[in-house]
Amino acid sequence: MSVLYILVLASIAVAAFFLAAYVWSVRNDQFEDNKGAALRMLQDDEPTKQ
Amino acid sequence: MDNTLQTEKFYYDNKIVKWFAYATILWGLVGMLVGLLAALQLVFPVLNLNTAATSFGRVRPVHTNAVIFAFVGNGIFMGVYYSLQRLCKARMFSDALSKLHFWGWQLIIVCAAVSLLAGYTTGKEYAELEWPIDILITLVWVTFGINMFGTIIKRRERHLYVAIWFYIATFVTVAMLHIVNSWEIPFTWMKSYSWYAGVQDALVQWWYGHNAVAFFLTTPYLGVMYYFLPKIANRPVYSYRLSIIHFWALIFLYIWAGPHHLLYTALPDWAQSLGTVFSVMLIAPSWGGMLNGLLTLRGAWDKVREDPVLKFIVVAVTAYGMATFEGPMLSLKNVNAISHFTDWTIAHVHVGALGWNGFLTFGVLYWLIPRIFKTNLFSQKLANWHFWIGTLGIVFYAVPMYWAGFMQSLAWKEFTPEGQLKYQFLETVTQMRPFYMMRSIGGTLYLLGAIMMTYNLIKTIRAGKAVNDEAAEAAPLAKTYVEHSGSHWHRWIERRPMQMMVLSLIVVGIGGLIEIVPTFLVKSNIPTISSVKPYTPLELQGRDIYVREGCYTCHSQMVRPFRSEVARYGEYSKAGEFVYDHPFQWGSKRTGPDLARIGGKYPNSWHFNHMYEPSSMSPGSIMPSYPWLFENDIDTAVMGAKIRAMQTLGVPYPEGFDKVANVELMKQAESIKQNLAGDKIEIKSNREIIALIAYLQRMGTDIKLEQKATTASNN
């Protein structure tokens, strides 16, 4: 069952990637303003004046 | 920090979204139509048309690949290209890459359809495409990745909305799954053998298969849900915090659940249990996500009643909840013992595919097309009709399949008071016909709905005018901010040598692994059951025909250790029996009986007649006829290349065997021909049917019951 090593390692590699991404996102204050983030995506960015 | 940033004018690329939308509709119709054909073939075997390209074993992979990678695939890209631009407040990174991505993906689809119908398949479910197409997929996927990350980097909104995280997870994980599972050794320009064998191949395949469902059918569509649902309802998601928890919990749990596809097989027990535990844990984030979606609509249910778009989305999210509850249940060993190999699985995946993926796609299309074309939907009423017909279609599809699966499983397991199996397998096949018929009706209704949508959308498109480049305005990111909040991530790592070291170890480890693994897999292929020998050249050719014709779409090769299965099929399967199986052919569905121990069960002449016209030997059989096997010659020209490929993979053929393999082949073929002649059957010895019979007669014969005691564990 040596193939398990590949799968576990590949899975861990991906998990490690996401862990790094998670750490980045926290340190980048990505989750500071949850209300605002949820509201802002509702707005369209149509030019105000032509 | 400079607060007086000038806003910038730019344009969203709607054209690429439009193209992906068209492709989604087109391939959706094609995929469903092919699915309907496959469904009807199980009721009326004549619809196999007695030709290779149209027979079930080839049609079914075309259906699954078309709906997953063509319909949902294009649906993903439609959703991503629309929402990513808006969430990043930036046009896609590169128009050229967008185009390359679009046309590359369509090229893959066409190549896939043609090659599958022509019989080029790896024989691994949902990863059937052969090696040149695998490479093409990798290239196009990378194109998509560059385009996506490029857009994220040049974004004008600092916060990465949760949908983007789902897209990133999709990109990264699918790339990895595809590369690991598609590791194969080519021996002609269109054919290859899986690098892994037997149990190992099975494990890799279902690790892939499960995560393909997770990261191709689920995460990208969750991203789509988290963008489009609030947007369409024009209210913020119920709990943004919950959506973030949903994301992180989901991706950390999903990747480990694959072994639940291999319960009670020859896979080591601890791996099976691990799969079950993670599958059960998945309920929590999945239901969190579903509730988050539904609760977003709280206080807006009056809108839902009116608006067909919201109706589609509500059913989609509900179907997501149902499928993600059922999935973990099916991962429990006692439930799986009943459900596995039956139509229950088919019901389960269609709740997901028709309900979650299909309905979400329809909802998004109905909303998106009028927006891009700056007009109203041609007919709300027709869309409402589509909704009801589609819903009815799902019900008509799923209910008979659940029922059929349950009935079939009970029938397979039922014993008479005398201790005999109560039903012949064939009886359990003919019992299924009314259910298969109802399922086809369900599918027809669903397809009808999709056709109505197509008409509705074409009318809408005709009435409007596409805004291919939509003007937008936003302030650029304040550069200073990044510095202030603690800098760039790698600077953070650079300041911390420990983390740096761990990360680089992982990276180096992966590199090393890629070098070591091949040798190490070859080594582990040394059989631990001494009586298990490599296939003879003729059997190998027969096996390749078995793969080519997609027999695995109806037949399993895995006797599970249950009394009912041992009584029906023979000694249960051992891991050590499959060490030369590149690829493994355990299958996932028993429309026909298990074939793991078919060798020696019938005389050659039985197989000969049965393959020519199954109902001649088994009245009422729904197995297709294979008349072309009686006309095609065995492809002896590639025999040497096949043997050499197998030798590279560690199959112990003697040195120089590739040169004499054809001599051996002809010898064995001749003896089968003689044997058939004894039953008054005339056939040339170089016909494909001879090779197939050789393979069928070999299957499961290496290990005899009385050797059981000497069977060592494979691990």
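Each chain gets a letter, A, B and so on, in the order the sequences are listed, and its residues count up from 1.
- Heavy atoms closer than 4.5 Å to chain A are found in the side chain of B:Val180, but not in its backbone.
- Enclosure of atom CZ in B:Arg156 by more than 12 non-hydrogen atoms of other residues, nucleotides or ligands within 6.0 angstrom is indicated.
- The nearest pair of heavy atoms linking B:Pro236 to A:Leu39 is CG-CD2, 3.7 Å.
- Residues B:Val237 and A:Ala38 approach most closely at CG1-CB, 4.1 Å, considering heavy atoms.
- A heavy-atom distance below 4.5 Å is not found between the side chains of B:Tyr240 and A:Lys35.
- Contact of B:Tyr227 with chain A is made through backbone and side chain together, with heavy-atom distances under 4.5 Å.
- Separation of atoms CD1 (B:Ile251) and CG (A:Leu19) is listed at 9.5 Å; rounding is to 0.5 Å.
- B:Phe215 places none of its side-chain heavy atoms less than 4.5 Å from the side chain of A:Val14.
- Separation of atoms CD1 (B:Ile168) and OG (A:Ser25) is listed at 9.5 Å; rounding is to 0.5 Å.
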Could you walk me through whether B:His159 and A:Arg40 pass the side-chain contact (heavy atoms from CB on, under 4.5 Å) test, one step at a time? CA-CA 10 Å; B:His159 178 75; A:Arg40 256 174 295 138; 4.3 Å; yes
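- A:Tyr22 is not listed as a side-chain neighbour of B:Ile244, based on a closest heavy-atom distance of 4.5 Å or more.
- Across every non-hydrogen atom of B:Phe247 and A:Phe18, the tightest pair is CZ-CE2, 4.5 Å.
- Under 4.0 Å is where a charged nitrogen must lie from a carboxylate oxygen, and between A:Asp44 and B:Lys231 at least one such pair does.
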Could you please spell out the steps behind the side-chain contact (heavy atoms from CB on, under 4.5 Å) verdict for A:Phe17 and B:Thr173? CA-CA 10 Å; A:Phe17 171 86; B:Thr173 317; over 6 Å; no
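- Looking at B:Leu87, the atoms closer than 4.5 Å to chain A (heavy atoms on both sides) all sit in the side chain, from C-beta outward.
- Scanning both residues, B:Tyr226 and A:Met41, for their nearest heavy atoms gives O-CE, 3.9 Å.
- Contact of B:Ala163 with chain A is not made at all, since no heavy-atom distance falls under 4.5 Å.
- Your options are B:Trp248, B:Tyr12, B:Trp207, B:Tyr161, and the one with the most heavy-atom pairs under 4.5 Å with chain A is B:Trp248.
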